[in-house]
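Worth saying up front: this structure is predicted, and the values here are computed from it rather than measured. One-based numbering, in listed order, for ligands and for the atoms of each. Residues: numbered from 1 along the sequence shown. All values below come from the heavy atoms of this structure, side chains included, with hydrogens, waters and symmetry mates left out.
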Amino acid sequence: MSQSIQFSTPSRTPHLLNLPHSQFNRPLSSIAFRRFPLTTIKYTSIRASSSPSPSPDLDSSSSSSSQVLLSPNGTGAVKSDERSVAVTAVTTDTAGIEVDTVTEAELKENGFRSTRRTKLICTIGPATCGFEQLEALAVGGMNVARLNMCHGTRDWHRGVIRSVRRLNEEKGFAVAIMMDTEGSEIHMGDLGGESSAKAEDGEIWTFTVRAFDSSRPERTISVSYDGFAEDVRVGDELLVDGGMVRFEVIEKIGPDVKCLCTDPGLLLPRANLTFWRDGSLVRERNAMLPTISSKDWLDIDFGIAEGVDFIAVSFVKSAEVINHLKSYLAARSRGGEIGVIAKIESIDSLTNLEEIILASDGAMVARGDLGAQIPLEQVPAAQQRIVQVCRGLNKPVIVASQLLESMIEYPTPTRAEVADVSEAVRQRSDALMLSGESAMGQFPDKALTVLRTVSLRIERWWREEKRHESVPLQAIGSTFSDKISEEICNSAAKMANNLGVDAVFVYTTSGHMASLVSRCRPDCPIFAFTTTTSVRRRLNLQWGLIPFRLSFSDDMESNLNKTFSLLKSRGMIKSGDLVIAVSDMLQSIQVMNVP
Ligand SMILES: Nc1ncnc2c1ncn2[C@@H]1O[C@H](COP(=O)(O)OP(=O)(O)O)[C@@H](O)[C@H]1O
Ligand SMILES: C=C(OP(=O)(O)O)C(=O)O
Ligand SMILES: [K+]
Ligand SMILES: [Mg+2]
């Protein structure tokens, strides 16, 4: 026996467009119950406008009408003995399906439920910039590679970007690239090539705005901000990296500031500097420095030219800078192809949090600098608030910095670090980020494994225990069509949980519909089918989405049949699996068993 519920809005009348969403569906809808010969529940809202045609593929060379590309990196554990298999058999096969064996093996072996929902970002640095090292990270679950423009030359970054692209093309991965701007906050120079310098208790160091022609004079550090010597006062406290090393200003001599080391520690190249007076952060003229410096604009042009997927903006103060960058990108890159991520790491960004997040395509809880600007004990509450605001506004959120800091030097994390990672997973942030652990640490792969295994374990535990309280999600759609999409995704996620389905399938051209399903954090994984490789990569930042590239039409029956046969032929789904499908072309919900 079969059931079908069909919900249709035969035409969209202009005078109804601004009705609050709680009112719109009753006067507009006609609900009919039909019986179909298959065990199928179908709930369809037919939109008046014709469906948009799929936008042209960025990598048109690799686009073919019947290909499916599947991300490996949404999946769960990859055992190290699978690695050799995982990295070889990818690319096309005769059935017209492209898939990497990491995901394939995972789905075959453990089924849909085993896939990892929390996404993982690795900062790439000297420890991980080689092709094989990048490949090991991709196999280990890296969804996004981050490039910190504070470090390295543009040529170096270009090499990494091209390696990641090659990895994607050759091995079928969908690793996205996030470029992170330097910003114009105050930081130290690069230590004249040394990897670190040790400051001991009681030593006198000179912080200077002078540039060095040759090697760095002993116990001398250059400072990036010209007004530094004028802004600081004798008696101020100077914090390196938010307090990893502390100094007291004891004398000012022209461009040089003499400081006494009060808390010893390691000075790392280009470390961030803040100064404090009477227990408060001093914001002198440096508060007026532009969020995006002239060097950052050049880096942004470089990012556009190299086709990065995201630009993370450091030290965002207001929504204005985000809007400015977004219009700049819209004019220069092919509209909307680069996502803008606001890094929340300053007092101003907390003050203007909602408007900043609303303007952005996502946010990062950049705890490193945030912890240097607000008291450390306030950082966890700020993290929770940022994660909640992002979820409410449907923007992906990244929890970053010091998640596994000790693993820069040691092969196992501290218990406290595991607890910190668990908390970010429990909060259901979209992504976790490694910084020094993957950029210059001794155990990048091990650190990634810890993020992966802890994510999987905590996700499963909370799911099985049904511990997640259902968060009421505020309505966010502004157009009538957006409101329908939102209601459909909310309902689909609820149905998926109540019916215990194996997966939600979402067919989406822009990716928006997929993000709306992800926002609901359903118990099952979300297979997101999209027509372009660039959207597929961007979706790889979002919670629970396993992004595929697939060409599809506005005929859902044929899309489903095609998807079922492609995935079944690879053994990734099987007859009887229960699936809910939603689509942004037809705005429909269908519940069915795989035939
Ligand atoms: N592209 C790079 N080249 C060299 N070193 C890098 C690079 N990216 C990151 N690192 C190293 O990894 C450390 C941690 O990275 P990250 O947290 O992104 O930077 P920062 O410490 O400047 O905020 C940096 O301090 C730096 O030593
Ligand atoms: C992610 C951060 O930014 P960066 O590493 O660029 O300082 C941070 O401050 O936590
Ligand atoms: K940065
Ligand atoms: Mg920072």
Carboxylate-amine/guanidinium proximity below 4.0 Å for Lys258 and Glu248:
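Here Lys258 does not pair with Glu248 in a salt bridge, since their nearest N and O are not under 4.0 Å apart.
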Decide, yes or no, whether a salt bridge links Lys198 with Glu200 under the criterion of side-chain N to carboxylate O below 4.0 Å.
yes
Look at [atom] and say which protein heavy atom is nearest, naming residue and atom and giving the distance to 0.1 Å.
atom	answer
atom 7 (O) of ligand 2	Asp369 OD2, 3.0 Å
atom 2 (C) of ligand 2	Ala366 CB, 3.6 Å
atom 1 (C) of ligand 2	Ser401 OG, 3.5 Å

We want to know whether Glu417 and Ser406 form a side-chain donor-acceptor pair, criterion being a heavy-atom distance below 3.5 angstrom.
yes
Between Arg146 and Thr123, is there a side-chain donor-acceptor contact under 3.5 Å, judged purely by atom types and distance?
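Side-chain D/A pair, Thr123 to Arg146: present.
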Within 3.4 Å of the K ion (ligand 3), is there any N, O or S atom belonging to Met149?
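Met149 does not place any N, O or S atom closer than 3.4 Å to the K ion (ligand 3).
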Contact flag Glu182/the K ion (ligand 3), N/O/S atoms, threshold under 3.4 Å:
no
Closest approach to the K ion (ligand 3) by Asp180, given as the N, O or S atom name
OD1
Pick one: which of Lys119, Arg391, Arg521 meets salt bridge (charged side-chain N to carboxylate O under 4.0 Å, His left out) with Asp430?
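When Lys119, Arg391, Arg521 are each tested with Asp430, the salt bridge (charged side-chain N to carboxylate O under 4.0 Å, His left out) holds only for Arg521.
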Exactly one of Arg367, Arg415, Arg426 should register a salt bridge (charged side-chain N to carboxylate O under 4.0 Å, His left out) with Asp420. Which one does?
Arg367
Proximal atoms of ligand 2 relative to [X] (non-hydrogen, under 4.0 Å):
X	answer
Glu345	2 (C), 3 (O), 8 (C), 9 (O)
Gly368	8 (C), 9 (O), 10 (O)
Arg367	10 (O)
Met364	1 (C)

Rounded to the nearest 0.5 Å, what separates atom CE in Met142 from atom SG in Cys122?
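Met142 atom CE to Cys122 atom SG measures 5.5 Å (nearest 0.5 Å).
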Contact summary for Ile344 and Ala363, nearest pair of heavy atoms
CG1-CB, 4.3 Å
Might you point out which heavy atoms bring Gly392 and Gln474 nearest each other, and give the distance in Å?
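Looking at all heavy atoms of both residues, the closest pair is CA-OE1, 3.5 Å.
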For the Mg ion (ligand 4), find the closest N/O/S atom belonging to Glu345 and write down its atom name.
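Checking each N, O and S atom of Glu345, the shortest distance to the Mg ion (ligand 4) belongs to OE1.
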Where does [X] meet ligand 2, judged by heavy-atom distances below 4.0 Å: at the side chain, the backbone, both, or neither?
X	result
Asn148	side chain
Arg146	side chain
Lys343	side chain

Could you check whether the rings of Phe207 and Phe228 sit parallel, tilted or perpendicular, using 30° and 60° as the cut-offs?
tilted
Got an N, O or S from Asp369 under 2.8 Å of the Mg ion (ligand 4)?
yes
